[in-house]
Structures are given as structure tokens and as C-alpha cells.
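In what follows, a structure is listed as C-alpha cells, so that the remarks can point back to it.
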Amino acid sequence: MKLSHIEHIGIAVNDLNEAIPYYENILGLKCYSVEEVKDQKVKTAFFKIGQTKLELLESTSPEGPIAKFIEKRGQGIHHIAFAVDGIENALSEAKEKGVSLIDQKPRKGAEGLDIAFLHPKSTFGVLTEFCEDNNKS
Ligand code: ZN
């Protein structure tokens, strides 16, 4: 498979409105987008640093995956996302090599990217996301 760079790092927070000022006022980054991803029960806020983004994640439901994560492990780094050329091939290659997939097929994530997650039990504890921008003209 061919990974090109770290597309983003996902960070679970209790409250976007409390976390965003830290990134803006102390780190000097600019939040350029806030978006709700309904099927994941999250609200996301994006910052860009070089070609990598930070994706803050706030749960919109106590049943959502981010709420569950924070309950178990507290706020903090939730996942790492690699930009990949050919996400379908990367997924089937990972599967062939014995990695458990959370998503058997890519689905639409924030910013319209095609995304899929690998299971952290196969990735030494790091929830791993592949993403590919197939909207480029
Ligand atoms: Zn992500």
C-alpha cells in the first residue's frame, strides 16, 4: 500500500467550545471548519498545520463512540489518519495480512473524504484510519 502523509490526528474532547480557544489562542492555529458527522455522533473542528490537520472530536450523544472512548480513557489522542492512494486496495491488503478491519469498505467521513478504520487490537493499540480524497477534480 502507499501512504503519503499523516492526513490528520483525531483528538477526543469533552467540549469543542472549551478546546478550540486553546488551539487558537495559545498554539495560534485557526479553526477553519466545524462540521457534524451524524452517523458517527460527533461534531468535529479542524485545524491545519503544514499538510496535516488536527481533528477535534466532541460526542453529540452519550452513546457515541467518542463518548465511550472518553469514558474509558479520558480526553486525548483518539486516532491517527494516514492519507493513502487507493483506499480499497489498502484495506484489502491489510485484511490479507491479518489485520482486523472496523470498516470493510470505505465510507464518507468529515470533509467528504473516503475513510475506513483498522481495529486497534491489530495495530498495537492505535486506532488507525485510512483516508483518501476522491473529490479532487
Ligand atoms: Zn479521523
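Atoms within a ligand are numbered from 1 in the order they appear, just like the ligands themselves.
Between Glu35 and Lys43, no side-chain nitrogen of the basic residue sits less than 4.0 Å from a carboxylate oxygen of the acidic one, so the salt-bridge criterion is not met. With salt bridges taken as basic N to acidic carboxylate O contacts below 4.0 Å, one links Lys53 and Glu7.
The Zn ion (ligand 1) forms the vertex of an angle spanning OE1 of Glu55 and NE2 of His79; to the nearest 10 degrees it equals 90°.
Checking side-chain atoms of Asp103 against main-chain N and O of Lys105 turns up no donor-acceptor pair under 3.5 Å. With hydrogens and angles disregarded, a donor-acceptor distance shorter than 3.5 Å links the side chain of Glu132 to the backbone of Gly86.
Distances from the Zn ion (ligand 1) to the N/O/S atoms of Glu129 are shortest for OE1.
Between the Zn ion (ligand 1) and His78 there is no N/O/S contact shorter than 2.8 Å. Residue His8: an N/O/S atom is found under 2.8 Å from the Zn ion (ligand 1).
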